[in-house]
Amino acid sequence: MADTVTITDNRTGKEIECPILTGVYGAPVIDTKTLYKELGMFTFDPGFVTTASCRSAITYLDGEKGILLHRGYPIEQLAENSSYLEVCYLLLYGELPTQSGFDQFRLNLNKRNMVHEHLERFYTGYRYDAHPMSMLIGVTGALSSYYHEAMDINDPEDRDLTAIRVIAKMPILAAHCYNYAMGHPFVYSRDDLGYVENFLNMMFSVPMREYIPDPVAVRALNLMLILHADHEQNASTSTVRLAGSAEANPFACIAAGVVTLWGRAHGGANEAVLRMLAQIESADNIPKFIARAKDKDDSFRLMGFGHRVYKNYDPRATIIRQVCHDLLEAIDTVDQPTFEIAMQLEEIALKDDYFIERKLYPNVDFYSGIILKALGIPTPMYTVMFALARSAGWIAQWLEMMEDPDFKIGRPRQLYIGSETRDYIPIEKRG
Ligand code: CMC
């Protein structure tokens, strides 16, 4: 018996056989490509909850079992042993690098770790209090103006160079958002520093004195970046792929990813969590906020809780939660009262039937803000940090899409529910 699903149109009795495709892991998928041609029908799946939009070999996640793999490597092992830059290499090229491969990768990045001075002037067009995500959208999009005519997206070498440019320049763009907001000078990237140390140096060093980052902060940020590097076909990654499928400039596609990530149902949640914890103010107020989250007439949701795919636990949250506790012991910049409210909120919500029944668990963003706060990164910068990390995943997914033999422009269909055809009425005759 062939691996197919029979779809019968009960109105006409016509049947078609749709192949069942199986991947390495995960639910098999029904290939419905012939559905319209054979039956004249589309599928209806708002929010793409059961639609596989592409084949991908980069990331696998199992929401029931709480598994997350990048190129087959469990996130727990990468978090324990790897560095963010090594994970970038893994996402882009499919394998962990050899030492010489990694050295060459670093050399390639170092060759590209500047941005045009004119781009720096772009920041000054923003108001002093502009949200850093709005700046990041603008400056990432502006990168497209430097690499357009001269770049051929159909040339594999140009595509690779694009990926290198994204990884090399995003930390500069992100750090400058902070420099500008603080009124500090823009700091150049340095070849002699590791990725995380260099980023912290661009953020926090000032010309008057040497900046030496705390190794605990470096480790925590490295981990935070690894945990956010890629996450399968989420909203921002799907946006990057959709924009890329129209053969748009890849830097503009990354800017589109930044736009989507800013939403508070997505990457904007880390900022929203900290704002919510500040609003809760004291542990005594937690029941009031839990009640609001459960009230259908109130739009308030518990930020940092729930996930479209993870229905048991978010493996990234398990790792980052531990780091929050470790940080609390290692450095004194952790905001103790905020952290305690977070821990009590977590405990109360996890025992509440509303959250249990709906399988709403703390996600990675519930804890990432606490870490970023301890590192001295201001709340509006949190989603910028997420975008910095995720830019590796976005560009890896863009590369994969461009190499896919099934590559075609993304063009969803719809169920039209508007007016039937009607005749135009001149304005003076309209009632
Ligand atoms: N607080 C209160 N109720 C919630 C929450 C929440 N955070 N999340 C979901 N629900 C309820 C929702 O009201 C619905 O209830 P009912 O069945 O009675 O109508 C049920 O749970 C299912 O919710 P849904 O909106 O259908 O679930 P979804 O899979 O479409 O949404 C989500 C997933 C992440 C958008 C949502 O859980 C949410 O808004 N969470 C808060 C924002 C957040 O933390 N986002 C970060 C996600 S992880 C980082 C990333 O990958 O971007």
Side-chain angles (χ1 to χ4, degrees), residues 26-27 45-50 61-68 75-76 79 224 227-228 231-236 261-328 334-373 379 382-383 386:
D45 182 21
F48 310 121
V49 276
T50 58
L61 66 99
D62 181 326
E64 298 302 326
K65 297 193 186 123
I67 293 171
L68 172 60
I75 191 66
E76 293 79 3
M224 184 264 161
L227 296 183
H228 287 81
H231 212 226
E232 209 223 51
Q233 307 310 319
N234 55 83
S236 57
L261 189 77
W262 195 6
R264 61 183 209 138
H266 193 6
N270 55 12
E271 181 180 341
V273 168
L274 260 282
R275 294 201 189 283
M276 174 187 77
L277 294 176
Q279 219 186 337
I280 293 176
E281 221 181 335
S282 114
D284 298 343
N285 293 326
I286 292 175
K288 207 167 69 197
F289 281 86
I290 298 260
R292 282 189 62 194
K294 290 162 35 173
D295 180 355
K296 290 287 153 218
D297 297 325
D298 190 332
S299 62
F300 174 80
R301 278 186 170 199
L302 224 48
M303 288 292 118
F305 271 78
H307 196 275
R308 169 59 64 78
V309 183
Y310 294 124
K311 298 298 175 196
N312 256 325
Y313 69 93
D314 177 344
R316 302 166 303 170
T318 311
I319 299 167
I320 207 166
R321 182 182 193 276
Q322 186 54 47
V323 176
C324 277
H325 282 279
D326 296 349
L327 260 185
L328 196 67
V334 173
D335 180 342
Q336 187 79 35
T338 306
F339 186 69
E340 269 163 20
I341 294 174
M343 292 303 104
Q344 288 195 38
L345 177 65
E346 178 198 46
E347 200 187 324
I348 294 172
L350 286 176
K351 286 187 192 142
D352 191 296
D353 283 346
Y354 173 94
F355 292 89
I356 295 169
E357 279 160 20
R358 288 167 183 77
K359 301 189 171 186
L360 300 170
Y361 298 89
N363 57 52
V364 68
D365 286 329
F366 186 70
Y367 307 100
S368 62
I370 296 168
I371 292 192
L372 294 172
K373 193 166 201 261
T379 311
Y382 294 177
T383 316
F386 191 160

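Remember, predicted model here, so these are calculated numbers, not experimental data.
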List the steps and the verdict of side chain to side chain contact (heavy atoms under 4.5 Å, CB included) for Asp365 and His228. CA-CA 10 Å; Asp365 286 329; His228 287 81; 3.4 Å; yes

Atom [atom1] in [X], atom [atom2] in [Y]: separation rounded to 0.5 Å?
{"X": "Gln344", "Y": "Asn285", "atom1": "CD", "atom2": "CG", "result": "11.5 Å"}
{"X": "Thr318", "Y": "Ile75", "atom1": "OG1", "atom2": "CD1", "result": "11.5 Å"}
{"X": "Ile280", "Y": "Ile341", "atom1": "CD1", "atom2": "CD1", "result": "6.5 Å"}
{"X": "Thr338", "Y": "Met343", "atom1": "OG1", "atom2": "CE", "result": "11.0 Å"}
{"X": "Lys65", "Y": "Tyr313", "atom1": "NZ", "atom2": "OH", "result": "11.0 Å"}
{"X": "Leu345", "Y": "Ile290", "atom1": "CG", "atom2": "CD1", "result": "5.0 Å"}

- prompt: Going by the side-chain hydrogen bond (donor to acceptor under 3.5 Å, both in side chains) test, which pairs reach into residues 300-311, not counting sequence neighbours?
  reply: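 Checked against side-chain hydrogen bond (donor to acceptor under 3.5 Å, both in side chains) - neighbours excluded - the pairs reaching residues 300-311 are His231-Tyr310.
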
- Could you name each residue pair satisfying side-chain hydrogen bond (donor to acceptor under 3.5 Å, both in side chains) that touches residues 354-363, not counting sequence neighbours?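 Listed by first then second residue: Lys296-Tyr354.
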
Write down the atom of [X], the atom of [Y], and the distance for their closest heavy-atom approach.
{"X": "Glu346", "Y": "Phe305", "value": "CA-CZ, 4.0 Å"}
{"X": "Ile319", "Y": "Leu227", "value": "CD1-CD2, 3.9 Å"}
{"X": "Asp352", "Y": "Lys294", "value": "OD2-NZ, 2.9 Å"}
{"X": "Leu68", "Y": "Pro315", "value": "CB-CG, 3.9 Å"}
{"X": "Cys324", "Y": "Ile371", "value": "SG-CG1, 3.8 Å"}
{"X": "Leu350", "Y": "Pro362", "value": "CD2-CD, 3.8 Å"}

Candidate pair Lys373 and Tyr382, rule side chain to side chain contact (heavy atoms under 4.5 Å, CB included), full reasoning
CA-CA 9 Å; Lys373 193 166 201 261; Tyr382 294 177; 3.2 Å; yes

Notebook entry, point to check: Looking at residues at least two apart in the chain, or sitting in another chain, which of them share a side-chain contact (heavy atoms from CB on, under 4.5 Å) with Ala235?
Noted result: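 Residues passing side-chain contact (heavy atoms from CB on, under 4.5 Å) with Ala235: Thr260, His266.
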
Check: How far apart are the C-alpha atoms of His325 and Phe339, what are their side-chain angles, what is the distance that settles it, and do they pass the side chain to side chain contact (heavy atoms under 4.5 Å, CB included) test?
Finding: CA-CA 9 Å; His325 282 279; Phe339 186 69; 4.0 Å; yes

>> Considering only residues two or more places apart or on different chains, which pairs with a residue in residues 277-297 satisfy ring-ring contact (aromatic ring centres under 6.0 Å, His included)?
In response: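 For residues 277-297: Phe289-Phe300.
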
Sub-3.5 Å donor-acceptor pair from the side chain of [X] to the main-chain atoms of [Y], do we have one?
{"X": "Asn270", "Y": "Gly369", "result": "no"}
{"X": "Asn312", "Y": "Gly66", "result": "no"}
{"X": "Asp62", "Y": "Ile67", "result": "no"}
{"X": "Asp297", "Y": "Asp295", "result": "no"}

Does anything in residues 262-284 pair up under salt bridge (Lys or Arg N to Asp or Glu O under 4.0 Å), and if so which pairs, sequence neighbours excluded?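 Output for this query lists Glu271-Arg275.
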
### Message
For Leu302 and Phe355: C-alpha separation, side-chain torsions, deciding distance, then whether side chain to side chain contact (heavy atoms under 4.5 Å, CB included) applies.
### Response
CA-CA 10 Å; Leu302 224 48; Phe355 292 89; 3.4 Å; yes

Qualifying residues under side chain to side chain donor-acceptor pair (under 3.5 Å), relative to Gln279, sequence neighbours excluded: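 Side chain to side chain donor-acceptor pair (under 3.5 Å) list for Gln279, sorted by chain: empty.
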
